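Note sheet for the following structure.
When a ligand or atom number is given, it counts from 1 through the structure's own listing order. This is a predicted model, so every value here is computed, not measured.
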Amino acid sequence: MELTKKILIAMAVGVSLGAILQLTGLNESQFIQDYVVNGLIDSGGRIFVTLLKMMVVPLVFVSLVCGAANLGVTGRAGPLGGKTISLYLITTALAVSLALAFALIVDPGLDSGGNSEAKVQFDPYQVKEAPSVKDTLLNIFPSNPIAAMANGQMLQVIVFALFLGLALSGAGQSGQKISDFFVDTNQVLMRLITMIIQLTPYGVFFLMAKLGATLGLGEISKVLIYFCTVAVALLLHGMLVYPLLLKAITGLSPLSFFKKMREPILVAFSTSSSGATLPVTLRTVEQRLGVKNDVASFAIPLGATINMDGTAIMQGVATVFIAQFYGLQLGLDSYLMVVLTATLASIGTAAVPGVGLITLTLVLDQVGLPVEGIGLIIGVDRLLDMLRTAVNVTGDGAVATIVASSEDQLDREIFRDAKANA
Ligand code: ASP
C-alpha cells in the first residue's frame, strides 16, 4: 500500500482510538492514564519525533556543506541566498495581509449584533521580551560550531556549514577529497531518513491517539468563529496562494507538487513542529520534487527556521479577534505594524509546537492590545498549531521549488514522475 494511504489510515485509527478512550471515560482510570495514554501511546509518539529530531543536525549540516561546496564552485551563492530570503519574507507578509483582510471581513471578535464581547477578566499573560536587532544579528554567527550543533541552533549551523562548504570549494585537491566524503555521507543519511519515514504510520498513530485521548473539544465552541477564520485563511493561503505562485512563476503543476508534499504535510500536521519535519521535507524536496541539493540544502533548513506563513496567519487573525473582542479600534498604521511585526515574529518563532502563540505577545504588545487576550484562544491553539505547521512546511517546499526553477536547478523529469523515489 502507498505510504500516504498508510499514514492517513494510521491517523484515523489513532485519533478514533484516543477518542474512544476519552468518550468512554476509560482514560480516567489511573491504570489507563499511567500505562496506556502516558505510557505506551506517549512513548510511541515521542520515539518517532525523537528519531526525526535525531536526523536534523547531521542532515542539515552535511547536506548544506555539499550544497555550499557546489555553490562555491559555480559562484551562485549570493543571488540564490538573496532570492530565497526575499521570497520567504514576501510570502509571509502576503500571508499576514491576507489573514488581516479576511479577518476584517469575518469579524470573528464581534457578537451577532456587531458588538465587542469583553465581559470576562483573564489571567495576565507575560509579554515575551523582544530581542534587539543587534543581538539577533550577532546570534547568527557561532563562536563554537560544535556547541551550536549540540544546542540545535539552526541558523548558526547553517552559517558554519555555508562557510565550510565555500572553503571546501576553494581548497583544491584536499577540498575535493573532503567534499567527496560529505557527498557519500549525505547519501547514507538520506537512506537513513528514508528508513525512518517508513515508520511514519506507526509514529503518527501514537501521536494522533494521544491527541484523541487528551484534547477537549469544548473549548472550540467558545471561539468557534476565530477557529474557523484561522483555519479558512490557512487553507486559502495553502491551497490558493502557493499553487498560483508556483504555476505563475514556474509553470509547474500544483497538483503534482501537493501529491509529493503529502508526506511532509502529514508529518507536520501530526508533530506540530516544522523543525522535526525538516528531514522529511528535505528528502521530499530533493528526491521527489527534483530540487537540486545546492538549492534544497540551503532553502529548506532556512525555511524551517525563518519561514512561518501559517504562524503569521494565525497572528494576523488573532490580532483582529482580540482587538474586536475588547472593542479596541486599530488604524491602518496599526495594521501595517501588524504585517511587519508578524513577519518578524514568525522569523523569531522556533520551529517547535506552540511557540507561535508566545511570539504573538510581541505583535499584540507592538500595537497596544491587551496581551491577556491570548487567554481567549489558548484553548484551541493545539489544533490550529497542527494546521499552521502544515502550511509552514508547504511554504518551504513551494519557495524551494520556485527558487530552484528560476536558477535552473530543478530536475523537471523527477518533478513530473509521480513515482520518483516514492
Ligand atoms: N509549530 C509551529 C512550527 O513548528 C510554530 C508555531 O507556530 O507555533 O512550525
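Partners of E407 under the side chain to side chain donor-acceptor pair (under 3.5 Å) rule, at least two apart in sequence or in another chain, are R76, K83.
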Enumerate, one pair per line, all nitrogen or oxygen atoms of ligand 1 lying under 3.5 Å from a protein nitrogen or oxygen, stating the separation to 0.1 Å; write 'none' if no such pair exists.
unit_1: ligand 1; atom_1: 1 (N); unit_2: S272; atom_2: O; d: 2.9
unit_1: ligand 1; atom_1: 1 (N); unit_2: V352; atom_2: O; d: 3.2
unit_1: ligand 1; atom_1: 1 (N); unit_2: D385; atom_2: OD1; d: 2.8
unit_1: ligand 1; atom_1: 1 (N); unit_2: T389; atom_2: OG1; d: 3.1
unit_1: ligand 1; atom_1: 4 (O); unit_2: S274; atom_2: N; d: 2.8
unit_1: ligand 1; atom_1: 4 (O); unit_2: S274; atom_2: OG; d: 3.1
unit_1: ligand 1; atom_1: 4 (O); unit_2: A351; atom_2: O; d: 3.4
unit_1: ligand 1; atom_1: 4 (O); unit_2: V352; atom_2: N; d: 3.4
unit_1: ligand 1; atom_1: 7 (O); unit_2: T311; atom_2: OG1; d: 2.6
unit_1: ligand 1; atom_1: 7 (O); unit_2: R388; atom_2: NE; d: 2.6
unit_1: ligand 1; atom_1: 8 (O); unit_2: G354; atom_2: N; d: 3.4
unit_1: ligand 1; atom_1: 8 (O); unit_2: V355; atom_2: N; d: 3.0
unit_1: ligand 1; atom_1: 8 (O); unit_2: G356; atom_2: N; d: 2.7
unit_1: ligand 1; atom_1: 8 (O); unit_2: D385; atom_2: OD1; d: 3.4
unit_1: ligand 1; atom_1: 8 (O); unit_2: R388; atom_2: NH2; d: 3.2
unit_1: ligand 1; atom_1: 9 (O); unit_2: S274; atom_2: OG; d: 2.5
unit_1: ligand 1; atom_1: 9 (O); unit_2: N392; atom_2: ND2; d: 2.9

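With contacts defined as side-chain heavy-atom distances shorter than 4.5 Å, the pair Q33/N27 qualifies.
Of the residues T319, V320, L100, the one that meets the side-chain contact (heavy atoms from CB on, under 4.5 Å) test with L330 is T319.
A donor and an acceptor atom, one from each side chain of S346 and D309, are nowhere located under 3.5 Å apart. Side-chain contact check for S405 and R412: at least one donor-acceptor pair (N or O, by modelled atom type) lies under 3.5 Å.
For D34, the CG atom is densely surrounded, since the number of other residues' heavy atoms within 6.0 Å is greater than 12.
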